[in-house]
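Structure record follows, encoded as structure tokens.
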Amino acid sequence: MDKKYEGEVSETIPISSKKESPSRWAWIPLVLFGPKQAFARMASATGNQWVMPLLLLSLVVVLRVVVAGPIKQQMAINDQTLPPNFEYYSPETQRQFEQAAAATRSPVFIYVFPALTSVAGVWVGWLIVGGLLHLVLTLLGGRGNTGMAMNLVAWAGLPFAVRDLVRVGFMLSTHRLIQVPGLAGFAPVGESALNAYLASLLSLIDLYLIWHIFLLMIGVKVTNELSLGKAFSAVIFIILPVLLLQALLI
């Protein structure tokens with residue numbers, strides 16, 4: 001009788017043999033330090049996985065803007081340089097100049113505009129690089145689809161979140177902004193437009209960009225079953241023009 005009862009219970013209570021999918025938060029260290037395994041798991045997953053890393057990147061850039069805000073305000077207060085012969089300006093011109101200077105120290109200019117442009121840069125950059133990556137991989141015979149390319153670009157952007165966190169730590173500990181990011185210190189000295197452009201371009205190149213390129217290359221190789229040479233060529237073919245364009249905008 002007991003055995004019969006046990007048999008009925010075992011039939012009425014289904015036992016799931018399906019393992020729970022790991023949290024997307026667990027993918028962060030895996031992507032950063034074990035990308036081959038992470039992107040192989042991503043290739044077998046269903047649905048869009050790009051939302052979480054993009055939200056994380058957006059949150060970190062906003063945090064960077066918030067931490068940099070008080071430092072920028074203090075720098076603006078300390079650097080109230082008047083133009084030459086300001087005392088000879090008309091009262092109306094002097095008032096307009098002072099109003100413009102005060103506006104640049106307002107929270108809108110210090111926090112709102114930089115935060116909006118930084119978050120927009122995250123999402124627009126993701127769309128551009130993801131779309132270009134899918135196009136190039138299709139031409140090279142890759143087996144991935146648009147969704148996989150967008151997922152790959154989003155997760156491969158995590159090194160930029162690490163970079164912003166490092167910058168936040170620097171600003172909190174030193175109360176100073178990073179004046180020469182990346183390789184900008186190696187730019188040629190001079191006031192020409194070409195030197196300014198080279199300084200902007202070199203400021204974008206750092207260890208975190210190389211890390212990003214490495215993750216993209218591994219992800220392309222794993223998810224599209226391409227050779228290492230084709231994966232490297234595809235990534236460089238996309239990143240290089242994006243950097244050249246981005247240098248014009250900063």
Side-chain angles (χ1 to χ4, degrees), residues 24-25 27-28 31-32 47-73 75-76 100 103-136 146-172 177-184 196-197 199-213 215-216 219 235 237-250:
R24 293 292 184 265
W25 291 102
W27 285 23
I28 296 177
V31 168
L32 292 174
N48 295 323
Q49 293 102 37
W50 48 263
V51 177
M52 186 256 194
L54 289 180
L55 290 178
L56 179 61
L57 286 166
S58 301
L59 178 63
V60 173
V61 296
V62 170
L63 175 63
R64 187 195 67 207
V65 170
V66 170
V67 172
I71 304 175
K72 290 182 177 180
Q73 284 182 325
M75 290 175 62
T104 59
R105 298 191 296 269
S106 67
V108 174
F109 277 85
I110 296 294
Y111 295 101
V112 178
F113 286 166
L116 290 177
T117 55
S118 297
V119 172
V122 169
W123 289 80
V124 173
W126 166 68
L127 288 172
I128 293 174
V129 175
L132 290 175
L133 182 64
H134 174 63
L135 176 62
V136 172
T146 304
M148 179 55 62
M150 305 307 288
N151 292 336
L152 173 59
V153 172
W155 283 96
L158 289 181
F160 298 136
V162 177
R163 178 176 65 187
D164 282 335
L165 289 176
V166 171
R167 290 177 174 177
V168 166
F170 174 84
M171 290 186 290
L172 288 175
L177 299 177
I178 299 177
Q179 301 295 337
V180 187
L183 300 179
Y197 176 75
S200 298
L201 180 61
L202 290 174
S203 69
L204 300 173
I205 302 174
D206 55 18
L207 176 64
Y208 304 97
L209 175 64
I210 297 173
W211 195 356
H212 170 65
I213 292 173
L215 292 182
L216 278 178
V235 172
F237 185 77
I238 295 166
I239 295 298
L240 184 57
V242 170
L243 286 178
L244 294 175
L245 177 61
Q246 188 177 356
L248 290 173
L249 303 177
I250 61 175

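This chain uses plain numbering: 1 for the first residue, then up along the sequence.
Note that CG of L201 and CG of L183 are 9.5 Å apart. Values are rounded to the nearest 0.5 Å. The CZ atom of R163 sits 9.5 Å away from atom CD1 of I178, with the distance rounded to the nearest 0.5 Å. Distance CD/Q73 to OG/S106: 8.5 Å, rounded to 0.5 Å. The CG atom of L243 lies 7.0 Å from the CD1 atom of I213; values are rounded to the nearest 0.5 Å. Between atom CG of residue L54 and atom CG of residue N151 there is a gap of 9.5 Å, rounded to the nearest 0.5 Å. Taken to the nearest 0.5 Å, the CG atom of D164 stands 8.0 Å off from the CG atom of L57.
Residues L165 and L63 form a side-chain contact, since some pair of their non-hydrogen atoms from C-beta on lies under 4.5 Å apart. In this structure the side chain of V112 never reaches within 4.5 angstrom of the side chain of P107, judged on heavy atoms. The shortest distance between side-chain heavy atoms of M171 and R64 falls below 4.5 Å. With contacts defined as side-chain heavy-atom distances shorter than 4.5 Å, the pair I28/M52 qualifies. Residues L55 and L59 are not in side-chain contact: their nearest non-hydrogen atoms beyond the backbone lie 4.5 Å or more apart. Using a 4.5 Å heavy-atom threshold, the side chains of P181 and R167 count as touching. Under the 4.5 Å side-chain criterion, counting only non-hydrogen atoms from C-beta, L249 is not in contact with Q246. Side-chain contact between V162 and V60: absent, with no pair of heavy atoms (C-beta onward) separated by less than 4.5 Å.
Summarising the geometry of L152 relative to G219, their closest heavy-atom pair is CD1-CA, 3.4 Å, with the distance given to 0.1 Å. Between H212 and A156, the shortest heavy-atom distance links the atoms ND1-O, 2.7 Å. The minimum heavy-atom distance between Y197 and A247, with the atom names listed, is CE1-CB, 3.6 Å. When all heavy atoms of D206 and L209 are compared, the pair lying nearest together is OD1-N, 2.9 Å. The two atoms that bring A68 and L177 nearest to each other are CB-CD2, 3.8 Å, heavy atoms only. Taking both residues in full, the closest heavy atoms of M150 and W126 are given as O-NE1, 2.9 Å, listed atom of the first, atom of the second, then distance.
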Item to complete: Show your working on side chain to side chain contact (heavy atoms under 4.5 Å, CB included) between V66 and V168 and close with a plain yes or no.
Response: CA-CA 9 Å; V66 170; V168 166; over 6 Å; no
Discussion item. Using side chain to side chain contact (heavy atoms under 4.5 Å, CB included), reason through L132 and V242 one step at a time and then give a plain yes or no.
Written reply: CA-CA 10 Å; L132 290 175; V242 170; 4.3 Å; yes
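More than 12 heavy atoms of other residues, nucleotides or ligands lie within 6.0 Å of CZ in F170, so this atom counts as buried by the packing criterion.
The backbone N or O of P114 lies less than 3.5 Å from a partner atom in the side chain of T117, making a donor-acceptor pair. No donor-acceptor pair closer than 3.5 Å links the side chain of Y208 to the backbone N or O of L158.
Aromatic pair W155/W50: centroids not less than 6.0 angstrom apart.
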